[in-house]
Protein chains: 2
Amino acid sequence: MKQPARKFNRIQPDLRREHLVEAALRCLADQGHAGLSVRKIAAEANVSVGLINHHYDGIDRLIAHAYETLSQGIFDRVTGAVAPAVGTARDRFSAFFREYFSPDIFDPKLLGVWVVFWSLIRHSPEMKAVHDRANAAFCAVLEGYLSDLAMERSGGDGGPPPAAARVAAIGLSALLDGIWLQWCLNPDTFTIAEAIAIAESWVDGFVNGGHGRLAG
Amino acid sequence: MKQPARKFNRIQPDLRREHLVEAALRCLADQGHAGLSVRKIAAEANVSVGLINHHYDGIDRLIAHAYETLSQGIFDRVTGAVAPAVGTARDRFSAFFREYFSPDIFDPKLLGVWVVFWSLIRHSPEMKAVHDRANAAFCAVLEGYLSDLAMERSGGDGGPPPAAARVAAIGLSALLDGIWLQWCLNPDTFTIAEAIAIAESWVDGFVNGGHGRLAG
DNA sequence: TTTATTATTGAACGGATGTACAGTAATTGG
DNA sequence: CCAATTACTGTACATCCGTTCAATAATAAA
């Protein structure tokens with residue numbers, strides 16, 4: 001027979017915060033906005049209600065921390081799959097898409113978490129700050145990929161002006177977000193293969209100079 | 001001096017429901033998820049708390065009705081701006097974009113409402129049904145526009161196969177959603193003019209056959 | 001005018017929420 | 001080994017939530 005679990009399970013604050021963040025993400029994934037509750041998160045993490053207010057100034061702070069953590073994790077994962085100097089710039093896009101359109105990302109539960117975060121941005125400066133940072137970083141990466149692609153194609157002699165790469169990156173970012181959103185809201189309307197085709201096709205259009213209008 | 005407002009203000013059920021929907025949308029626009037409350041909506045509509053449960057089986061039904069109403073309104077407005085047989089098919093896209101990228105649509109408050117709706121889809125079959133219907137209708141319209149465009153360009157002799165139009169419509173729909181989402185979450189990263197350029201550029205790419213990969 | 005119907009009110013109820021706080025125990029430093 | 005620190009528990013409190021329901025009043029029907 002096992003002895004009763006210890007009531008006071010003391011661990012390092014950093015580790016505890018990590019556990020709380022994971023519990024919060026699980027609650028949001030399972031229950032959406034209804035999972036955004038001190039009591040539910042505490043139960044999920046097997047701790048008492050009061051502990052959250054000991055480690056965070058309030059539940060809003062915990063949620064912001066969870067947003068930051070998840071956001072960073074996805075960024076690292078997706079960009080980490082693209083080796084910087086291997087293959088052509090065009091190949092790097094395919095590698096990027098292969099990671100982006102994976103079951104871990106294209107998961108209705110993940111979007112469920114994200115949508116709750118989005119709903120909090122407009123009324124929480126803290127959440128907005130996390131979003132702005134993550135979004136800027138993501139667009140910057142895409143802009144780098146696109147610049148490489150333009151350079152590679154033109155051989156360095158007068159590729160598209162830098163302004164085009166910035167707007168193009170915003171366009172691609174929006175396209176990827178939109179595909180992710182629509183597929184997760186209803187996975188039955190199109191397949192992942194079709195989603196990849198849409199993204200690859202957009203890059204083809206960029207390579208073929210079809211986006212010249214963006215230079216203006 | 002004005003006499004005190006009558007306590008019992010009786011109106012037709014249809015009109016009352018309309019008022020309740022409008023009040024609900026105002027609450028969501030102003031307070032996000034926090035505005036999703038019987039008491040706040042009732043106060044906004046200047047009625048008692050109990051009235052909502054008299055006209056709807058529960059607040060979820062009211063929200064679903066609000067989703068349906070807003071969704072239909074936007075659809076009518078955006079598609080209504082495109083006269084069917086005037087100008088070229090390419091011109092029709094520009095007319096469509098002019099309406100879509102208008103301040104009434106590109107309004108952070110409107111996205112704030114929408115994001116709450118999205119967050120409810122996964123746990124409410126009713127909300128999901130509204131979304132699926134609206135989304136299918138929107139994609140069908142875009143597919144029609146794209147078919148016209150392909151027809152116009154090829155003169156009717158062997159334009160892109162129908163399958164391409166379907167996937168292309170999904171891609172354009174995702175692009176428009178993504179631009180809307182990103183701009184509303186942070187209107188400072190790019191301008192509406194740039195947003196229009198991105199959309200127009202996508203259509204240019206479609207016209208120039210840059211999306212051949214989508215034929216599957 | 002009388003009756004039936006129903007839109008509307010507002011109080012009541014049980015339950016869930018976030019935060020505050022006094023008490024408890026595990027760790028750390030001397 | 002003792003003291004100080006702090007991670008942790010669990011109750012208490014005030015507030016909000018959605019729904020129910022008897023009472024009320026405005027309209028429609030007869």
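Chain naming here is simple, since letters A, B, ... match the order of the sequence lines and numbering starts at 1 in each. Worth saying up front: this structure is predicted, and the values here are computed from it rather than measured.
Look at NE2 on B:His33: it is 17 Å from P on C:dA16, rounded to the nearest Å. One interatomic measurement links the two molecules: CD1 of A:Ile59 to P of C:dG18, which rounds to 5 Å at whole-angstrom precision. The CG atom of A:Leu62 sits 13 Å away from the C1' atom of C:dG18 (whole-angstrom rounding).
Using cut-offs of 30° and 60° on the angle between ring planes, the pair B:Phe106 and B:Trp183 is tilted. Classified by interplanar angle (parallel below 30°, tilted 30° to 60°, perpendicular above 60°), the ring pair B:Tyr56/B:His65 is tilted.
Using a 4.0 Å heavy-atom cutoff across all strands shown, B:Val47 reaches sugar-phosphate atoms only and no base atom. Counting non-hydrogen atoms under 4.0 angstrom, A:Arg16 reaches the backbone sugars and phosphates but no base. Using a 4.0 Å heavy-atom criterion, one finds that A:Ile11 contacts the sugar-phosphate atoms exclusively. Within the 4.0 angstrom heavy-atom criterion, no nucleotide atom of any strand lies near A:Ile41.
Between A:Phe96 and A:Tyr145, the ring center distance clears the sub-6.0 Å criterion. Between A:Trp180 and A:Phe101, the distance separating the two ring centers is not shorter than 6.0 angstrom.
With respect to B:Glu143 and B:Arg166, no salt bridge is recorded, no charged nitrogen being found less than 4.0 Å from a carboxylate O. A salt bridge links A:Arg90 with A:Glu200: the closest approach of a Lys/Arg side-chain nitrogen to an acidic carboxylate oxygen falls below 4.0 angstrom.
Chain A approaches DNA chain D over the interval D:dT6 to D:dA12, counting the first and last nucleotide 5' to 3' with an atom under 4.0 Å from its heavy atoms.
Side chain B:Arg10 to base C:dT6: a donor-acceptor pair is found below 3.5 Å.
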